[in-house]
Amino acid sequence: MRLFALLFCFLFCTICNAQKAAVPPMGYMTWNLYADKITEGDIRSIADAMTANGLTAPGFNYIFIDDGWQGGRDNKNNIIPDAKKFPSGMKALCDYVHGKGMKIGIYSDAAQLTCGGYTASYGFEEQDAKTFAGWGFDYLKYDYCNAPDDWQTAISRYSKMAEALQHSGRNITFGICEWGNRSPWLWAKKSGGQLWRMAADIRDKWQSTEPPKTNNDLHHLGAGILDVVNINAGLYAYAGPGGWNDPDMLVVGLYGRKGPSGDLGGVGCTDVEYQSQMSLWCMLSAPLMISCDVTNMNDTTKKILANKDIIDIDQDSLGAQAQRKINKDGWQVFVKPLQNGDVAIAVLNTTPATAAMQLQLADVGLGANYTAKDVWTKQLTKWNKNVAFSVASHETKVFRLSVIK
Ligand code: GLA
């Protein structure tokens, strides 16, 4: 009987998690640009801009409110928003965002205070989960500042909130944010999370100037796009429908704007590097969280973010994270199988100069005779056994390959 109950629970939980985040969530996260100065007016403008400028159409349908919204607790210990920043209240804001056909996320932390020093949820998990559900939130990012370092406490605090969300009366996706410090890929899904940050906060830069000795060094060196890719490349086995490695926000289009992403050497990237981030995040089946100013984007940023061909690779229903097949002489080659039998291949040149890639398809586990679509130029070519093309410094070329029958 007990075995049956366990099996039922396992199956039921697996199904629930698969329904939540069956593909990586996509949307806008407020932290990099607004930090803790976020207001309801900003959220409304973001929702308006995203629906008007064509970002919701390819799937960016969430707005994730990050730290800084909190105003403490009322005399019944209910968590409340800052009344100056959110004078209409959270229910009205959720209704507004839902009215735009979008979903909305909120932020808290598994301690008494968040990373920004605001009221957090430790000890109030059930009450806060019910409050978030009652307001109409669809997602919770749960941070780990001011909490004990050990794995056991982290696992138990995250499990507690996951359970509270499951009993909240609303389907709320759960994002675990302990920055990879305790290898969450090993336990986060079992603990009720659908995604887990796997590295330090990303900064608006290509690479850390000093190579990190351990992954945790990136917390003080500042993680760049390539640093995060280098960690995530080893984690492909843990990703799949209902559970994703989260390499943090897209810095695309920030151009060194001041704010958290500008700290620790976040001086900005080139458009080639921003496009590479989009390519690599999609190959690695990452949640796609825009963080630049969507109310004022240039055409290049829009083109990078709203490219349906690359987004389709991220959102592919097979949910296989790309494997890095080559990491040698400054080249990185990633291969990602897709649901309809196609294969996506990405070729990144990490060297400081344009270089010629000559690839034997067999070396990356591929066969012969493909139609290759360059997802950025849209050019179609035939690939058979060997291919050669040039790749600019820090550029990532991505091709979708279909076997010619
Ligand atoms: C941590 C997280 C960030 C952001 C801030 C908010 O640093 O990793 O993504 O949520 O806290 O204070």
Side-chain angles (χ1 to χ4, degrees), residues 24-25 27-39 42-43 46 62-72 79 81-82 85 104-122 128 132 137 139-147 149 154 157-158 161 173-185 188 193-205 215-225 227-228 231-232 244-252 254 257-266 277 281 286-292:
Y28 184 87
M29 189 164 271
T30 57
W31 184 248
N32 277 349
L33 191 69
Y34 297 87
D36 63 350
K37 309 281 181 290
I38 190 75
T39 68
D42 296 326
I43 301 295
I46 294 166
Y62 264 106
I63 299 182
F64 304 98
I65 301 179
D66 209 290
D67 205 358
W69 63 270
Q70 308 88 331
I79 196 161
D82 181 311
K85 295 172 177 166
I104 181 161
I106 189 88
Y107 166 99
S108 195
D109 186 295
Q112 273 158 5
L113 293 177
T114 66
C115 300
Y118 294 87
T119 302
S121 294
Y122 179 60
D128 288 359
F132 300 149
F137 282 101
Y139 180 100
L140 174 67
K141 170 176 177 177
Y142 207 43
D143 220 332
Y144 202 69
C145 280
N146 307 307
D149 273 341
R157 290 191 183 192
Y158 278 109
M161 184 46 106
T173 299
F174 190 35
I176 287 178
C177 178
E178 61 75 76
W179 328 288
N181 289 15
R182 282 150 288 262
S183 308
W185 44 89
Q194 285 78 51
L195 47 151
W196 46 86
R197 282 274 305 279
M198 37 57 60
D201 291 5
I202 196 157
R203 307 295 164 178
D204 187 8
K205 64 184 192 181
N215 293 345
N216 287 354
D217 287 349
L218 290 172
H219 288 293
H220 64 266
L221 293 174
I225 294 167
D227 303 305
V228 177
I231 304 171
N232 202 357
W244 308 102
N245 293 306
D246 173 7
D248 206 5
M249 289 163 259
L250 293 165
V251 291
V252 177
L254 276 163
R257 283 279 295 259
K258 289 215 171 25
S261 58
D263 294 343
L264 298 175
Q277 189 195 23
W281 260 228
L288 300 176
M289 304 185 180
I290 298 171
S291 67
C292 67

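Counting starts at 1 for both ligands and their atoms, in listed order. Because the structure is predicted, anything quoted here is derived from the model rather than measured.
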For A147, enumerate each residue passing the side-chain contact (heavy atoms from CB on, under 4.5 Å) test, keeping only those at least two apart in sequence or located in another chain. A111, Y144, R157
Please work out whether the ring planes of F132 and W69 are parallel, tilted or perpendicular, with thresholds of 30° and 60°. perpendicular
Does any non-hydrogen side-chain atom of S291 lie less than 4.5 Å from one of L254? yes
May I ask you to identify, for C145, whether its side chain, its backbone, both or neither come under 4.0 Å of ligand 1 on a heavy-atom basis? neither
Atom indices of ligand 1 within 4.0 angstrom of G116 heavy atoms, with elements: 12 (O)
Which residue and non-hydrogen atom of the protein lie closest to atom 7 (O) of ligand 1, and at what distance in Å? D201 OD2, 2.7 Å
Atom 12 (O) of ligand 1 has as its nearest protein heavy atom D67 OD2, 2.9 Å
Check this for me - ligand 1, D248, N or O atoms closer than 3.5 angstrom, yes or no? no
Would you mind checking which non-hydrogen protein atom is closest to atom 9 (O) of ligand 1, with the distance to 0.1 Å? K141 NZ, 2.7 Å
Contact atoms of ligand 1, heavy-atom distance to R197 under 4.0 Å: 8 (O), 9 (O)
CG-CG distance between D246 and L288, expressed to the nearest 0.5 angstrom: 10.0 Å
Whether Y139 and Y62 hold their rings parallel, tilted or perpendicular, with breakpoints at 30° and 60°: perpendicular
Give the numbers and elements of all ligand 1 atoms closer than 4.0 Å to a heavy atom of C177. 2 (C), 8 (O)
With no hydrogens and no angle check, just 3.5 Å: does a side-chain donor-acceptor pair link Y118 and D67? no
Under the side-chain contact (heavy atoms from CB on, under 4.5 Å) rule, collect the residues that match up with L264, sequence neighbours excluded. R203
Taking only heavy atoms of Y107 into account, list the atoms of ligand 1 that are under 4.0 Å away from them. 6 (C), 10 (O), 11 (O), 12 (O)
Decide, yes or no, whether a salt bridge links K141 with D66 under the criterion of side-chain N to carboxylate O below 4.0 Å. yes
With a 4.0 Å cut-off on heavy atoms, does D66 reach ligand 1? yes
Please report which non-hydrogen protein atom sits nearest to atom 11 (O) of ligand 1, along with the residue it belongs to and the distance in Å to one decimal place. D143 OD2, 2.9 Å
Taking distance alone, with no angle check, do W31 and ligand 1 share an N/O pair under 3.5 Å? no
